[in-house]
There are 2 protein chains.
Amino acid sequence: MYSALTTHIAKFVSLDETETEILRENLVFLSVKKKENLLEAGQTCHYQYFIVKGLCRNFIINEKGNEQTTQFGIENWWLSDYLSFHNDRPSGFYIQAVENSELIAIEKKAMETLLAKVPKLERYFRLVLQKAFGASQIRIKYLFTQSAEERYRHFSTSFPEFVQRVPQYMLASYLDFSPEFMSKIRAGKV
Amino acid sequence: MYSALTTHIAKFVSLDETETEILRENLVFLSVKKKENLLEAGQTCHYQYFIVKGLCRNFIINEKGNEQTTQFGIENWWLSDYLSFHNDRPSGFYIQAVENSELIAIEKKAMETLLAKVPKLERYFRLVLQKAFGASQIRIKYLFTQSAEERYRHFSTSFPEFVQRVPQYMLASYLDFSPEFMSKIRAGKV
DNA sequence: CGAAAATTTGACATGACTCAACTGGAGTGG
DNA sequence: CCACTCCAGTTGAGTCATGTCAAATTTTCG
């Protein structure tokens, strides 16, 4: 159940038996169904979620009432609203399962306990964040320099398997254009 | 010279004399003039930069040859291209001083040495990244939901002092619109 | 002071959005 | 297992926010 996470951690730091045990004590395993929300706007985000299996996303609801996906997470990624988590303030985001998913959640206080007992994990989480932040920097670069069509073509050639797994309208909002426009790009009518 | 950094670190973890000494041994202090580049596209980013005094930015040059600012950093912020730094791959970004600035640089290998000797700093850098990543999540939210005019008004009421310090064309590119359009927003012609 | 850089302005162009109508497929319940 | 609904995707027409370009003006700074 926890092996996906321990395997992932092992790529960055090595834990002994005792440490692995302490880790487990501070985690919660959960299964969520497609469309289920792990966080809703207005709530404070008390968890970081590791995706063992499945696909989840962060999204917001804009003033027109439309959902806009701001981030996807698949196997071996962490999802959270880090600002809400960090400051204990209400979030503006939703976190939702796109597919039926298996997750490992770590609660903020449990995380502090864990990190106090297994300081090595500070390194693991630092490296995870470094990678995530790097990805976010690149994403902003693409949002700034590419047209809607370029973003679609670039994304779908880079992650063809991924594109299969999400509805078009979610991908459209992640790439920051309308579902209708996506449809026209795909039909070559643009 | 290093006190701005040690003060900043002290907000997150406490270091003793020896640890502070090891920290200093692994840092480089540098002064840069306005417009000087710390990193250029094509180079690998080997450093993370802490801003003691001044103002710097990350930017890219798009296919039309225009600079687009992707990130600003002021006093007590770290700047880097984390993906390039993490993977030792060439960067697509420039890092440049917007004002004459005083920086503290940490080189990647020195950082590894330092972290091996002073593991407490893993926590410091994790928290710094958590905050930066959270800020980046919020920024994407605003880029997605607000119009150009709303982004300008929101940013300039949130950070009025900051707006004073950067040329309009840089802020326009950071908020993802043209300098001409910024001019029209300011003149109320839109 | 003079040159270069930044900002402003106006005319015009366009990429992408909105809205509304239509099509097709996936579930669901009788 | 059919019929019905509902949600996702498609299409076209019209519109608009923002971009582009070029010229004029102002500011900065060596």
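Chain letters run A, B, ... following the sequence lines, proteins first and then strands; every chain starts at 1. Only a predicted model underlies this, so the values are computations on that prediction, with no experimental measurement involved.
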Contacts of type side chain to side chain donor-acceptor pair (under 3.5 Å), residue A/Gln68, not counting sequence neighbours: A/Asn62

For A/Asn87, give me all partners under side-chain contact (heavy atoms from CB on, under 4.5 Å), at least two apart in sequence or on another chain. A/Leu83, A/Arg89

Just to verify, what does B/Phe93 make a ring pair (Phe, Tyr, Trp, His ring centres under 6.0 Å) with, not counting sequence neighbours? none

Which pairs, with at least one residue in residues 11-22 of chain B and sequence neighbours excluded, count as a side chain to side chain donor-acceptor pair (under 3.5 Å)? B/Glu19-B/Lys120

What I want to find out is whether A/Lys184 reaches A/Glu180 closely enough, with some N-O distance under 4.0 Å, to be called a salt bridge. no

Any residue in residues 152-171 of chain B with a heavy atom nearer than 4.0 angstrom to DNA chain C? Just list them by number, or reply none. B/Pro167, B/Gln168, B/Tyr169

What is the 5' to 3' range of DNA chain C, first to last nucleotide, that sits under 4.0 Å from any heavy atom of chain A? C/dA16 to C/dC19

Mind checking side chain to side chain donor-acceptor pair (under 3.5 Å) for B/Arg165 and listing every partner two or more places apart, or none if nothing turns up? B/Glu75, B/Glu99

Set of residues satisfying side chain to side chain donor-acceptor pair (under 3.5 Å) with respect to A/Arg123, sequence neighbours excluded: B/Glu112, B/Glu122

Are side-chain N/O atoms of B/Ser136 and A/Ser136 paired as donor and acceptor at under 3.5 Å? yes

Residue pairs fulfilling salt bridge (Lys or Arg N to Asp or Glu O under 4.0 Å) with at least one residue in residues 49-61 of chain A, sequence neighbours excluded: A/Arg57-A/Glu67

State, without any angle test, whether B/His46 and B/Glu107 hold a side-chain donor-acceptor pair at a distance under 3.5 Å. no

Generate the contact string for nucleotides 12-28 of chain D. Rules: B means base contact, S means sugar-phosphate contact only, - means no protein heavy atom under 4.0 Å. BB----BSBB-------

Contacts of B/Ala187 and B/Lys35 projected onto DNA chain C by closest heavy atom; the upstream (5') one is B/Lys35

I'd like to know if the side chain of A/Asn26 and the backbone of A/Ile22 have a donor-acceptor N/O pair within less than 3.5 Å. yes

Would you mind reading off the bend of the helix from C/dC1-D/dG30 to C/dG30-D/dC1 from its two end axes, five pairs each, to 10 degrees? 50°

Taking side chain to side chain donor-acceptor pair (under 3.5 Å) as the test, write out the residues that go with A/Arg139, two or more places apart. A/Tyr174

